[in-house]
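Note on naming: letters A, B, ... go to the chains in the order of the sequence lines (proteins, then strands), and numbering restarts at 1 for each one. These figures come from a predicted structure and were not determined experimentally.
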There are 2 protein chains.
Amino acid sequence: MPNRFVKKLQGFSPLTDAAIRAVVKATAMPQDFGPRQHLIREGDTPGPVFAMLEGWAIRYKVLPGGSRQIMAILMPGDSCDLHMGMLEEMDHSIEAVTQSVVATIPRDVMDQIMAGHPTVARAMYVAQLIDEDTSRAWIVSMGRRNSIESTSHLLLELYIRAIRVGLIPSGVMEFPLTQAVIANALGATTVHINRVLQTLRHSGAIELRRGHLRIPDPAILVRLSGLNESYVQRRLPPQPFSRTNL
Amino acid sequence: MPNRFVKKLQGFSPLTDAAIRAVVKATAMPQDFGPRQHLIREGDTPGPVFAMLEGWAIRYKVLPGGSRQIMAILMPGDSCDLHMGMLEEMDHSIEAVTQSVVATIPRDVMDQIMAGHPTVARAMYVAQLIDEDTSRAWIVSMGRRNSIESTSHLLLELYIRAIRVGLIPSGVMEFPLTQAVIANALGATTVHINRVLQTLRHSGAIELRRGHLRIPDPAILVRLSGLNESYVQRRLPPQPFSRTNL
DNA sequence: CGTGTGGTTGATGCCTGTCAACCTCTGTGG
DNA sequence: CCACAGAGGTTGACAGGCATCAACCACACG
């Protein structure tokens, strides 16, 4: 019964049965989105909460010069809260990368759920804290890591997130991001990311082709990313990252 | 009675009287921190919520190579929630920039407040959403803006935030950040930021010296930052940004 | 079998980093 | 009251990572 979004919230903080029912009800009529289709775009009125039940999406901004920067990558279970805040219109867009199933929870509905179910409010808050952790990690990557390191770091991040939500049953990960998307996420050019990925391949850190990513030995990628060895383990549940299932 | 932190929360979402009392009580015994003093450092156990009642602080990470990246700049009223999340120890540090007054709210106390006072939970949630907005803006700056643009953007951000919390009575802003701090926030070097600031000065966009920043004509800085003109107005309350009081 | 999207390669140049001095304040102690 | 120390700021020479521009390749699909 509970969908990926509910499961993720439960992972952050226990939910009461009533809370689960409320969230399930609010996400009971999701929409399908095709690749490249916008969930919301710059200029639209913000407000709703999007919950990715299936598929990947990106949150991005196009600068006046035409260049594009991706600010977040959404995977199944992830949500993003487009609260009105101080802005009356969106200053960025969200678009599906793959075929996706997305629940749109209107602002007032979400407000009521969170007001009536403190356990949901708490879980959403924790989700938000973790999202900002990720954003901060990106800031570090873009500020102080070279392209080899930041690319390795991003691939590891996505790999870890995929494992956490149970998306890598076989050791090979579905990886729908094009090199252009990776480049737009890392603040680099497609050409340069292409060369970086080649060196990662040649060093045996990754096997990446046709929308599939395999990381034969995570230790290699960890070393290339410039992270201390313990980083990855600390962010992973004990079992699924053992060398054997990769 | 309410301190800067309470005022900021109230600005995000109305608080009940009982909620205000609870937050005031939890922040009633703040500590003083001197410049360069750590509120918490890498390796420490996370958990508490810090509320900046007075002064500035930075959230930063030191990479294996020794370089430093600042991920957030905290001003009076700001808070940061060092939830345990998935990490058992801090992977970054927070240190005071100026003489500061900081309330430390233990994890369990904050949990109880948020559980017992949904209005606080909501305000903290909104605060967190806005923090991530800021983080995302930094990502865009670091990814797709050159150093002139990103520096202009950062100065504008800080200027706007200062106005919003009433820190610029006279049109001249107290600006305690050294060029090294700005560089560490933008992912650049001190040398290069020095040159950028000089061009900003020569173009009449800023007057910056001895810990004070004046922006004679925000429009110039806005243009240099590459933002569309409306960006600044949309993020500001109507009155205090009129040309006359700058 | 053409068309398009995504991926690859090479040549060239610039933005920014690196290194290494040197300058300018401010506060302090003799 | 002056010398000194230290932090912050400034300048110049040089190098390198990555962007830019411009082709070209390879696979999937209708």
Side-chain angles (χ1 to χ4, degrees), chain A residues 34-37 56 58 63 65-70 95-99 141-152 154 174-202 206-213 224 226, chain B residues 34-37 56 58 63 65-70 95-99 141-152 154 174-202 206-213 224 226:
Chain A
R36 292 274 159 104
Q37 196 176 345
W56 294 42
I58 54 175
L63 294 242
S67 61
R68 182 171 89 152
Q69 178 63 47
I70 293 172
E95 84 176 23
V97 172
T98 66
Q99 188 70 34
S141 268
M142 305 184 69
R144 296 296 183 202
R145 293 197 245 260
N146 62 31
S147 52
I148 296 264
E149 292 166 343
S150 59
T151 304
S152 303
L154 178 64
E174 299 252 347
F175 192 84
L177 305 184
T178 65
Q179 295 185 357
V181 168
I182 298 173
N184 286 337
L186 294 172
T189 59
T190 306
V191 172
H192 196 240
I193 291 303
N194 178 280
R195 299 195 231 260
V196 167
L197 289 176
Q198 286 180 53
T199 77
L200 292 186
R201 275 195 278 249
H202 292 151
I206 61 172
E207 290 170 21
L208 174 61
R209 69 200 183 298
R210 310 243 134 272
H212 293 273
L213 172 65
L224 288 171
Chain B
R36 294 274 157 104
Q37 196 177 344
W56 294 42
I58 53 174
L63 294 240
S67 62
R68 181 170 88 151
Q69 178 63 46
I70 292 172
E95 87 177 21
V97 172
T98 66
Q99 188 68 35
S141 268
M142 305 183 70
R144 295 297 183 200
R145 292 196 246 259
N146 63 31
S147 53
I148 297 264
E149 293 166 342
S150 59
T151 304
S152 303
L154 177 63
E174 300 253 346
F175 192 84
L177 305 184
T178 65
Q179 295 185 355
V181 168
I182 297 173
N184 286 337
L186 294 173
T189 60
T190 306
V191 172
H192 196 239
I193 290 302
N194 179 280
R195 298 194 232 259
V196 167
L197 289 175
Q198 287 179 51
T199 76
L200 292 186
R201 275 195 278 251
H202 292 150
I206 62 170
E207 291 170 23
L208 174 62
R209 69 199 184 297
R210 309 233 136 280
H212 293 274
L213 171 65
L224 288 171

Exercise. B:S147 side chain N/O closer than 4.0 Å to the phosphate oxygens (OP1, OP2) of C:dT16?
Worked result: yes
Problem set entry | Euclidean distance, atom CG of residue A:N194 to atom C1' of D:dC25 [Å, nearest integer] | 12 Å
Seminar exercise, completed: Here the distance between atom C1' of D:dA19 and atom CZ of B:R145, to the nearest Å, is 18 Å
For this session: Determine: side-chain N/O of A:Q198 to OP1/OP2 of C:dG7, distance under 4.0 Å, yes or no.
Result: no
Exercise. Shortest non-hydrogen contact from B:M142 to B:Q69?
Worked result: CE-NE2, 3.7 Å
Problem set entry | N/O (side chain, B:R210) to phosphate O (OP1/OP2, C:dT26) under 4.0 Å | yes
For this session: Using whole Å, report how far NE2 of B:H192 lies from C1' of D:dA15.
Result: 14 Å
Exercise. So what does B:R195 hit on the nucleic acid, given a heavy-atom distance under 4.0 Å: a base, only sugar-phosphate, or nothing?
Worked result: base
Problem set entry | Over all atoms of both residues, closest heavy-atom pair of B:R68 and B:I58 | NH1-CD1, 3.7 Å
Exercise. With a 4.0 Å cut-off on heavy atoms, is B:G187 in touch with a base, just the backbone sugar-phosphate, or nothing at all?
Worked result: sugar-phosphate
Exercise. Under 3.5 Å, side chain of A:R145 to main-chain N/O of A:T151, donor-acceptor pair present?
Worked result: no
Problem set entry | Separation of B:L224 CG from B:N146 CG (nearest 0.5 Å) | 10.0 Å
For this session: Whole angstrom is fine here: how far is it from CG in A:L186 over to P in D:dA19?
Result: 10 Å
Exercise. Atom CE of B:M142 and atom P of C:dC15: how far apart are they, to the nearest Å?
Worked result: 19 Å
Problem set entry | From D:dG8, D:dA19, C:dT18, nucleotide with atom closest to B:T178 side chain | D:dG8
Problem set entry | Any B:Q179 side-chain N or O less than 4.0 Å from OP1/OP2 of D:dA7 | no
Exercise. Whole-Å distance between D:dG9 P and B:I182 CD1?
Worked result: 8 Å
Exercise. Between A:L186 and A:S150, which heavy-atom pair has the shortest distance, and what is it?
Worked result: CD2-O, 3.7 Å
Exercise. Quick one: B:N146 CG to C:dG17 P, roughly how many Å, whole number?
Worked result: 12 Å
Exercise. NA contact type, B:R36, heavy-atom cut-off 4.0 Å: base, sugar-phosphate, or nothing?
Worked result: sugar-phosphate
Problem set entry | Whole-Å distance separating the CZ atom of A:R201 from the C1' atom of C:dT8 | 10 Å
